[in-house]
> 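Here it is: the structure, laid out below.
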Amino acid sequence: MNTQYWLMKSEPEECSIDDALAAPGASVPWTGVRNYQARNFMRDAMQVGDGVLFYHSSCAEPGIVGLARVASEIRPDPTQFDPASPYFDPKSSPDKPRWLLRDVQALKKTRLIGLPELRATPELAEMVVLQRGSRLSITPVSEAHWTFITRRLLGD
DNA sequence: GCCAACGTTGGC
DNA sequence: GCCAACGTTGGC
């Protein structure tokens, strides 16, 4: 299957693009997804090597802040088993894990393309993340949108 | 902190 | 299976 593209939201207070780039191998486990649709995107559709728009959410300047790639196969999210974690899920068990993750490798910090800029760009109006009421932390990005955004970011 | 929008839960 | 109540997301 061809390379696909995704937008993945992270709260910078939890894991910013700088945090990801500073991690060993610039790779971080994408913990904390607790939404079935987002989980299913990771489990069923993502492939190693897919492109990722790294997005900061729940912060002063939400928007795209970097580029990344899907860096691992799917595996259980260990935070669901940790009673001390805010992501603990008492209904999940190691023999039948409910929540899954992939590793995401940060490739590059870019300038911010903030939400206002995204919304002001007609070419991007159809992006899933911009749709009314969209709350999914992982959304697919079309190749056209990926190309438009990466060109704008990388200036080629 | 507010609140719109959406997802999940659980009684029936 | 319906749907009201509740919880969460996330921009502002």
> Find the distance A/R34:CZ to B/dT8:C1' and express it as a whole number of Å.
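Distance, rounded to whole Å: 15 Å.
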> Counting only side-chain heavy atoms from C-beta out, which of C/dG11, C/dG10, B/dT9 sits nearest to A/R98?
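Looking only at heavy atoms from C-beta outward on A/R98, the closest nucleotide is B/dT9.
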> Please tell me which of the listed nucleotides, B/dC6, C/dG10, B/dG10, lies nearest to the side chain of A/R135?
B/dC6
> Counting just side-chain N and O atoms, does A/Y55 come under 4.0 Å of either OP1 or OP2 of C/dG11?
yes
> Is there a side-chain polar atom (N or O) of A/R132 under 4.0 Å from OP1 or OP2 of B/dA4?
no
> Rounded to whole Å, please give me the gap between CD in A/E14 and C1' in C/dG10.
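Distance check: A/E14 CD to C/dG10 C1' gives 14 Å.
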> How long is the line joining CG of A/L118 and P of C/dG10, in whole Å?
15 Å
> Taking CH2 from A/W99 and C1' from B/dT8, how many angstroms apart are they, rounded to a whole number?
10 Å
> Can you find a side-chain donor-acceptor pair between A/D19 and A/S16 that sits under 3.5 Å?
yes
> Is the phosphate of C/dG10 approached by A/K9 (side-chain N or O, under 4.0 Å from OP1 or OP2)?
yes
> Do A/Y5 and A/H145 have side-chain heavy atoms sitting under 4.5 Å apart?
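They are not in side-chain contact.
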> Starting at CD of A/E61 and ending at P of C/dG11, how long is that distance when rounded to a whole Å?
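After rounding, the gap between these two atoms is 12 Å.
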> Consider only side-chain N and O atoms of A/S92 and A/Q80, and report whether a donor and an acceptor are under 3.5 Å apart.
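Present: a donor and an acceptor within the cut-off.
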> Just how far, in rounded Å, is P of C/dT9 from CD of A/E11?
8 Å
> As a test of reading the structure: which of C/dG10, C/dG11, B/dG7 is closest to the side chain of A/N35, going by heavy atoms?
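Of the options given, the side chain of A/N35 lies nearest B/dG7.
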> Can you tell me how far apart CG (A/L67) and CH2 (A/W146) are? Round to the nearest 0.5 Å.
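Taking CG in A/L67 and CH2 in A/W146, the distance rounds to 5.0 Å.
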> Of all the nucleotides listed (B/dG7, C/dC12, B/dT8), which has the minimum atom distance to the side chain of A/Q37?
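Side chain of A/Q37 sits closest to B/dG7.
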> Expressed in angstrom and rounded to an integer, what is the separation of A/M127 atom CE from C/dG11 atom P?
13 Å
> Are side-chain heavy atoms of A/M8 and A/F54 found at a separation under 4.5 Å?
no
> Using atom CG of A/L130 as one end and atom P of B/dA4 as the other, report the distance to the nearest whole Å.
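It works out to 21 Å between those atoms.
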